[in-house]
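Accompanying notes for the structure given below.
Please read these numbers as outputs of a predicted model, since none were measured by experiment. For reference, positions follow the sequence shown, starting with 1. Ligands are counted one by one from 1 in listed order, and the atoms in each one are counted from 1 as well. What you see below is based on every heavy atom in this structure, not just the backbone, and it leaves out hydrogens, waters and symmetry mates.
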Amino acid sequence: MSTATKGLEGVVAAETEMSFIDGEKGVLEYVGIEIDALARHSTFEETVYLLWNRRLPTRAELDAFTKDLRAHYDLPAPILTLIKTFPKDAQPMHVLRTAVSALALFDNDDPNSVEPDAYRAKGLAIMARAPAIIAAFDRVRSGKDVIAPDKSLSFASNFLYMLNNEKPTKTMERAFDTCMILHADHGLNASTFTGRVIASTLSDIYSVMSGAIGALRGPLHGGANEGVMHTLNEIGSLDRVDAYMKDALANKKKIMGFGHRVYKAYDPRATYLKTLAEQLAKDTGNEQFYKMSKKIEDIMHEAVAAKGIYPNVDFYSATTYHCLGLKLDLFTPMFALSRISGWAGHCIEQLSANRLIRPSADYVGPHGVAYVPIEKR
Ligand code: CMC
């Protein structure tokens, strides 16, 4: 009989000082600070500093970190040239994965270095450039000029500026920045695990990021936020939610944006995003998306809350991103822009006490099978 733990559920495979999750109580902390406090009071830049240094920065430290991040906003020119060659209908997650991988080719400072300081510097540069990759591709595919980054702007504001050629309002910047904070890190989720496995082989950070982006893209992980928006679009109006959900539940269809391997209570990120989505929906005339979402949540609550299935981070982020004017296929890349910080932090942790991650598999096939020459098969 196989002793394998399917999906590695409950298997502890690493130690981390970055995020703590209590799935039963619905708690998430970064370095001991509740996610709600960070969402309300911090910035993405400060949150990344916290995750990477396991303490909040002083003003001078935050200024230096921010300056360093902004210094890396520009894309190497060949990456921009490469992006212009991509098919206009390419999926942005494929674009991000490919362009991040290609950054290694233009890293003249030993792209393969596994020194924690080098990983950190390269992680910072990848994080700084990822928004430019997505914004440039979106503008190129829409036949618009690429907008150069503005180094006077925050990570959140600069991305929205490069995307829209217009500086965002304070409200938009704050909402997007909050989304970045909420998505930065989350224990040993599938993409982070992927990244740590790659780092544990002493491979380069570009391989780590490419692998992690690939894992995040899947609909059971980061791709779920796009899945939620597809569901909302498919339903189309509030009066059709009941019928859609009745059919979905009867056919045991998985509803995107619900359920979690660790949370058996309300995901605290979803709590925050729900409030944000409601406000933004009101402000931007998109109330139908919030109302549809709320109705789906109510129906799911009746049907499956007893099984510990609640909205996860992806459910209300769909309405939030829609209200921020983002195209549907940019939703999962938004998750990646933020999570790059978590992947980098985990890999720095991995390398500071590295041991190759190499689990086992129970062999469940036959033994003693005779080799049959091909002409006799
Ligand atoms: N809708 C309906 N039923 C569900 C859902 C859902 N979204 N999620 C889980 N269930 C049911 C599932 O059918 C199963 O029921 P039964 O025991 O009767 O067969 C039970 O709950 C356990 O589900 P599971 O798929 O074995 O649980 P898991 O821990 O392997 O999967 C999950 C976790 C997140 C993959 C799953 O809940 C899911 O597929 N959710 C939809 C996709 C989604 O929203 N993913 C984003 C996850 S959070 C952000 C992130 O990490 O990216």
Side-chain angles (χ1 to χ4, degrees), residues 4-11 16 18-19 21-24 26-28 30 35 93 96 179-196 211-232 234-235 241 244-274 277 293 295-321 328 331-343 346:
T5 307
K6 213 169 173 201
L8 297 185
E9 180 165 7
V11 174
T16 182
M18 288 168 50
S19 54
I21 307 164
D22 183 331
E24 297 299 324
V27 172
L28 169 62
Y30 291 167
I35 194 67
M93 281 299 276
L96 183 65
C179 291
M180 295 295 100
I181 293 170
L182 294 172
H183 286 85
D185 190 45
H186 206 239
L188 211 56
N189 57 85
S191 56
T192 300
F193 181 57
T194 304
R196 282 189 87 130
I213 292 168
L216 185 75
R217 198 190 73 80
L220 296 187
H221 191 6
N225 58 12
E226 292 181 17
V228 174
M229 202 64 215
H230 282 298
T231 304
L232 294 175
E234 193 184 333
I235 296 173
V241 172
Y244 178 93
M245 289 301 292
K246 200 172 162 199
D247 180 66
L249 289 168
N251 289 300
K252 295 206 169 295
K253 197 173 162 193
K254 272 198 171 173
I255 306 300
M256 291 292 114
F258 283 85
H260 200 278
R261 176 61 63 76
V262 182
Y263 290 120
K264 300 303 164 204
Y266 213 102
D267 181 334
R269 301 166 300 174
T271 309
Y272 197 90
L273 282 163
K274 184 177 175 182
S293 305
K295 193 156 186 185
I296 294 171
E297 185 192 337
D298 291 345
I299 294 170
M300 284 296 276
H301 190 82
E302 282 274 301
V304 292
K307 282 169 76 177
I309 299 170
Y310 291 90
N312 58 49
V313 69
D314 292 316
F315 190 60
Y316 283 104
S317 64
T319 298
T320 303
Y321 289 145
L328 198 161
F331 290 12
T332 312
M334 297 307 97
F335 198 152
L337 294 190
S338 165
R339 188 58 61 86
I340 284 172
S341 65
W343 297 329
H346 272 270

Worksheet item: Which is it for Met300 and ligand 1 at heavy atoms under 4.0 Å: side chain, backbone, both or neither?
Response: side chain
Discussion item. Give me the residue, atom name and distance of the protein heavy atom closest to atom 34 (C) of ligand 1.
Written reply: Gly259 O, 3.7 Å
Worksheet item: What part of Phe335, side chain, backbone, both or neither, has a heavy atom within less than 4.0 angstrom of ligand 1?
Response: side chain
Discussion item. Would Arg269 count as a polar contact of ligand 1, with the cut-off being nitrogen or oxygen pairs under 3.5 Å?
Written reply: no
Discussion item. Give the atom numbers and elements of ligand 1 that come within less than 4.0 Å of a heavy atom of Gly222.
Written reply: 52 (O)
Item to complete: Given side chain to side chain contact (heavy atoms under 4.5 Å, CB included), test Ser191 with His221 step by step and report yes or no.
Response: CA-CA 8 Å; Ser191 56; His221 191 6; 2.9 Å; yes
Worksheet item: Of the protein's non-hydrogen atoms, which lies at the shortest distance from atom 51 (O) of ligand 1, and what is that distance?
Response: His221 ND1, 3.1 Å
Worksheet item: Protein heavy atom under 4.0 angstrom of atom 26 (O) of ligand 1, is there one?
Response: no
Fill in: Heavy-atom closest contact (Ala270 atom, Pro311 atom, distance)
CB-O, 3.8 Å
Fill in: atom 32 (C) of ligand 1 protein-contacted, heavy-atom criterion under 4.0 angstrom
no
Discussion item. Do Asn312 and Tyr263 make a side-chain contact, defined as non-hydrogen atoms from C-beta onward lying under 4.5 Å apart?
Written reply: no
Worksheet item: Below 3.5 angstrom, do we get any N/O pair linking Met256 and ligand 1?
Response: no
Worksheet entry | Polar atom proximity, Lys307 to ligand 1 (N or O, under 3.5 Å) | yes
Worksheet, complete the sentence: With heavy atoms and a 4.0 Å threshold, my read on which part of Ile309 contacts ligand 1 is side chain
Worksheet entry | contact_flag Val304 ligand 1 heavy-atom lt 4.0 Å | no
Discussion item. So, applying side-chain hydrogen bond (donor to acceptor under 3.5 Å, both in side chains) with His346, which one of Asp185, Thr192, Asn189 is it?
Written reply: Asp185
Discussion item. Counting non-hydrogen protein atoms only, what is the nearest one to atom 40 (N) of ligand 1? Give residue, atom name and distance.
Written reply: Phe258 O, 2.8 Å
Worksheet item: Do Asp267 side-chain atoms and Val313 backbone N/O form a donor-acceptor pair below 3.5 Å?
Response: yes
Fill in: Step-by-step side chain to side chain contact (heavy atoms under 4.5 Å, CB included) determination, Cys179 to Leu273
CA-CA 8 Å; Cys179 291; Leu273 282 163; 4.0 Å; yes
Practice prompt. Answer yes or no: is there a donor N or O on one side and an acceptor on the other, between the side chain of Thr319 and the main chain of Tyr316, under 3.5 Å?
Written response: no
Item to complete: Would you sort out whether Phe335 and Leu216 count as a side chain to side chain contact (heavy atoms under 4.5 Å, CB included), showing the intermediate values?
Response: CA-CA 8 Å; Phe335 198 152; Leu216 185 75; 3.9 Å; yes
Response to the item:
Here the atoms of ligand 1 under 4.0 Å from any heavy atom belonging to Ala224 are 43 (C), 44 (O), 45 (N), 46 (C)
Discussion item. How long is the straight-line distance from CZ of Phe258 back to CD1 of Ile296, given to the nearest 0.5 Å?
Written reply: 6.5 Å
Discussion item. Is the contact between Pro219 and ligand 1 made by the side chain, the backbone, both, or neither, using heavy atoms and a 4.0 Å cut-off?
Written reply: backbone
Item to complete: Measure from atom 22 (C) of ligand 1 to the protein's non-hydrogen atoms and state whether any distance is below 4.0 Å.
Response: no
Practice prompt. Closest by any non-hydrogen atom to atom 49 (C) of ligand 1: pick that one out of Thr332, Asp314, Leu220.
Written response: Asp314
Response to the item:
For atom 13 (O) of ligand 1, the closest protein heavy atom turns out to be Lys254 CE, 4.2 Å
Worksheet item: Can you find a protein heavy atom closer to atom 15 (O) of ligand 1 than 4.0 Å?
Response: yes
Item to complete: Considering only protein heavy atoms, determine whether one is less than 4.0 Å from atom 19 (O) of ligand 1.
Response: no
Worksheet, complete the sentence: When distances are taken from atom 30 (O) of ligand 1, the protein heavy atom at minimum range is Arg261 NH2, 3.0 Å
Worksheet, complete the sentence: ligand 1 to Gly257, heavy atom cutoff 4.0 Å, flagged ligand atoms 43 (C), 44 (O)
Worksheet item: For Val313, is at least one N or O under 3.5 Å away from an N or O on ligand 1?
Response: no
Item to complete: Calculate, to the nearest 0.5 Å, the distance between atoms OG1 and CZ belonging to Thr16 and Arg196 respectively.
Response: 6.0 Å
Practice prompt. Among all protein heavy atoms, pick the one closest to atom 1 (N) of ligand 1 and tell me residue, atom and distance.
Written response: Ile255 N, 3.0 Å
Discussion item. Working note: Tyr244 + Lys253, criterion side chain to side chain donor-acceptor pair (under 3.5 Å); need CA distance, chi angles, decisive distance, verdict.
Written reply: CA-CA 11 Å; Tyr244 178 93; Lys253 197 173 162 193; 2.9 Å; yes
Discussion item. Show, in sequence, the C-alpha distance, side-chain angles and deciding distance for Phe331 and Ser317, and conclude whether the side chain to side chain contact (heavy atoms under 4.5 Å, CB included) test is met.
Written reply: CA-CA 8 Å; Phe331 290 12; Ser317 64; over 6 Å; no
Discussion item. Angle between ring planes, Tyr266 versus Tyr310, binned at 30° and 60°: parallel, tilted or perpendicular?
Written reply: tilted
Discussion item. I need the minimum non-hydrogen distance between Ile309 and Gly259, along with the two atoms involved.
Written reply: CG2-N, 3.6 Å
